[in-house]
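The structure appears below as structure tokens.
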Protein chains: 2
Amino acid sequence: MSENKPKKDCCFASEGIEKVAKMLSPDEELMPLAEFFRIFGDFTRLKIIQALSAHELCVCHLAEIVNVSQSAVSHQLRLLKQYRLVKVRRAGKEKLYSLDDEHIMEIFNTGLMHLAEKKG
Amino acid sequence: MSENKPKKDCCFASEGIEKVAKMLSPDEELMPLAEFFRIFGDFTRLKIIQALSAHELCVCHLAEIVNVSQSAVSHQLRLLKQYRLVKVRRAGKEKLYSLDDEHIMEIFNTGLMHLAEKKG
DNA sequence: TGAACATATGAACAGTTATTCATATGTTCA
DNA sequence: TGAACATATGAATAACTGTTCATATGTTCA
């Protein structure tokens, strides 16, 4: 922590620093955002997301497609739902999952593009 | 794992499942993508990113702005650089960090928009 | 109703991660 | 050159995360 550290002008004047600090989104906005992005930061969940981008799917098929246990998918789907990446509807015995909105694939694809450009 | 589980047609025919499975990006692409997104999934790093979106900054100023120790920012900057979210240039004693490209804030802002829409 | 199917969930465990502390490296300038 | 400043890094630790296993809940249909 850097509480009462005297402000230095190494790269930039003190007023500038304050300005940048003030311009940051409030913690109540940035913390949920970090939680939201953390959901993208897992291989299994990323496969679930990409699979759902192609088709609404039930839990057992998702488990087959991403090749993890039913329990594991279910746990991940709970997170994905909690953070509004996916939505569900019941259809008989099954529950059909799909992506919540366009933002999800927008983020996914921007990430892919970034990596493609930086490759090598 | 779901190795030789007999394919069921619960929500969708078996051929459809195969199609979705085949359409997934290869692991060598999805795993780095997960690592890339994981970097966004931390409060401190998100603050660093947003601060850098406003201005190129040195380590000590970043530490002040995001309110963590110099060592902590430095460790995070190493990750941010490793995954190409930021770039550095030296200016005398200091090192000035800035965002690597537009994709970073594009992802950041799409996330913010998503949360804003889902609020409540 | 009850058997069979589909999904969800809690506890436990192994692996990962963010910070701190101490210290090392790199740069400037008197 | 060496003191002062700026940044980086390794080890240690506490907190968190993803999977598994066992089991519970919910739904259909005979």
Side-chain angles (χ1 to χ4, degrees), chain A residues 1-3 5-12 17 30-31 34-49 56-83 86-97, chain B residues 1-3 5-12 17 30-31 34-49 56-83 86-97:
Chain A
M1 311 308 162
S2 58
E3 310 79 9
K5 196 184 296 176
K7 306 258 196 292
K8 296 161 199 164
D9 285 352
C10 45
C11 64
F12 194 28
I17 303 300
L30 243 35
M31 286 180 56
E35 291 175 353
F36 173 70
F37 281 129
R38 183 173 294 130
I39 304 299
F40 285 86
D42 176 80
F43 183 45
T44 301
R45 288 192 293 263
L46 235 37
K47 284 197 283 185
I48 294 177
I49 289 172
E56 181 183 53
L57 288 164
C58 69
V59 177
C60 76
H61 281 170
L62 270 172
E64 266 188 58
I65 292 170
V66 312
N67 202 44
V68 298
S69 72
Q70 176 268 315
S71 178
V73 201
S74 219
H75 277 297
Q76 298 298 7
L77 285 170
R78 187 169 51 78
L79 281 176
L80 287 161
K81 205 180 74 172
Q82 182 180 345
Y83 290 99
V86 305
K87 57 191 177 195
V88 214
R89 68 183 180 91
R90 190 174 269 285
K93 283 187 288 194
E94 306 157 22
K95 282 186 172 174
L96 297 181
Y97 284 83
Chain B
M1 311 307 165
S2 56
E3 309 79 9
K5 197 184 292 175
K7 305 254 196 297
K8 296 163 198 162
D9 285 351
C10 46
C11 65
F12 195 30
I17 303 303
L30 242 35
M31 286 179 56
E35 291 175 354
F36 172 69
F37 281 130
R38 183 174 294 130
I39 304 298
F40 285 86
D42 176 81
F43 183 46
T44 300
R45 288 191 293 264
L46 235 38
K47 283 196 284 186
I48 293 177
I49 290 170
E56 183 183 50
L57 289 164
C58 69
V59 178
C60 77
H61 281 170
L62 269 172
E64 266 188 57
I65 292 169
V66 313
N67 203 45
V68 298
S69 72
Q70 177 268 315
S71 177
V73 202
S74 218
H75 278 297
Q76 298 299 5
L77 284 171
R78 188 169 50 79
L79 282 176
L80 287 161
K81 205 179 73 171
Q82 181 178 344
Y83 290 98
V86 306
K87 56 191 178 196
V88 215
R89 69 183 180 92
R90 188 174 271 286
K93 283 187 286 191
E94 308 158 20
K95 283 188 172 171
L96 296 181
Y97 284 83

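These numbers come from a predicted model, not from an experiment. The figures that follow rest on heavy atoms only: side chains count, while hydrogens, waters and symmetry mates do not. Protein chains get the first letters and strands the later ones, always in sequence-line order, with residue 1 at the start of each.
Using Watson-Crick or G-U wobble geometry with both donor-acceptor distances under 3.5 Å, dT1(D) finds its partner in dA30(C). Of the nucleotides present, dT7(C) is the one that pairs with dA24(D) by Watson-Crick or G-U wobble criteria, both distances under 3.5 Å. Pair assignment for dG18(D) gives dC13(C), based on Watson-Crick or G-U wobble hydrogen-bonding distances that are each under 3.5 Å. In a base pair of the Watson-Crick type (N1 to N3 plus N6-O4 or O6-N4) or a G-U wobble (N1-O2 and O6-N3), with each distance short of 3.5 Å, dA12(D) is matched with dT19(C).
For the pair Q82(B) CD and dA8(D) P, the computed distance is 14 Å after rounding to whole Å. As rounded to whole Å, 14 Å separates atom C1' of dA18(C) from atom CE of M31(A). As a whole-Å value, the separation of E94(A) CD from dA4(C) P is 19 Å. At whole-Å resolution of the value, NZ in K81(B) and P in dA8(D) are 7 Å apart. With rounding to whole Å, R89(A) atom CZ is found 15 Å from dT27(D) atom P. Between the CG atom of L96(A) and the P atom of dC5(C) there is a distance of 19 Å, rounded to whole Å. For the pair L77(A) CG and dA6(C) P, the computed distance is 16 Å after rounding to whole Å. We find that NZ of K47(A) is positioned 9 Å from P of dT19(D), with the value rounded to whole Å.
Using a 30° and 60° split on the angle between ring planes, F40(B) and F37(B) fall in the tilted class, from 30° to 60°.
Of the residues near DNA chain C, R38(A) and V88(A), the one whose nearest nucleotide (by heavy atom distance) lies more toward the 5' end is V88(A). Each of R90(B) and G41(B) was matched to the nucleotide of DNA chain C holding its nearest heavy atom; the match closer to the 5' end belongs to G41(B). DNA chain D is contacted by both Q76(A) and K93(A); Q76(A) maps to the nucleotide lying nearer its 5′ end (nearest heavy atom per residue).
Using a 4.0 Å heavy-atom distance criterion, F43(A) is classed as making no nucleic acid contact. Nucleic acid contact for K95(B): sugar-phosphate only, since backbone atoms but no base atoms lie under 4.0 Å from a heavy atom of the residue.
Formation of a donor-acceptor pair under 3.5 Å by the R45(A) side chain with backbone atoms of A34(B) is not found in this model. When atom types are taken as modelled, the side chain of R90(A) and the backbone of K93(A) share a donor-acceptor pair closer than 3.5 angstrom.
Here the rule is side chain to side chain contact (heavy atoms under 4.5 Å, CB included) with Y97(B), and of V59(B), L80(B), L57(B), V73(B) only V59(B) fits it.
Checking dG18(D), dA8(C), dT7(D) against every side-chain atom of R45(A), the shortest atom distance belongs to dG18(D).
The shortest distance between side-chain heavy atoms of V66(B) and Q76(B) does not fall below 4.5 Å.
Regarding contacts with the backbone of dA6(D), every side-chain N or O of Y97(B) stays at 4.0 angstrom or more from both OP1 and OP2. Between S69(A) and dT20(D) there is a side-chain polar atom (N or O) within less than 4.0 angstrom of OP1 or OP2.
With hydrogens and angles left out, the side chain of H75(B) and the base of dT20(C) share a donor-acceptor pair within 3.5 Å. With hydrogens and angles ignored, a donor-acceptor pair under 3.5 angstrom links the side chain of S71(B) to the base of dC21(C). Looking at Q70(A), its side chain comes within 3.5 Å of the base of dA8(C) through a donor and an acceptor atom.
D42(A) and T44(A) get closest at one heavy-atom pair: OD2-N, 3.1 Å.
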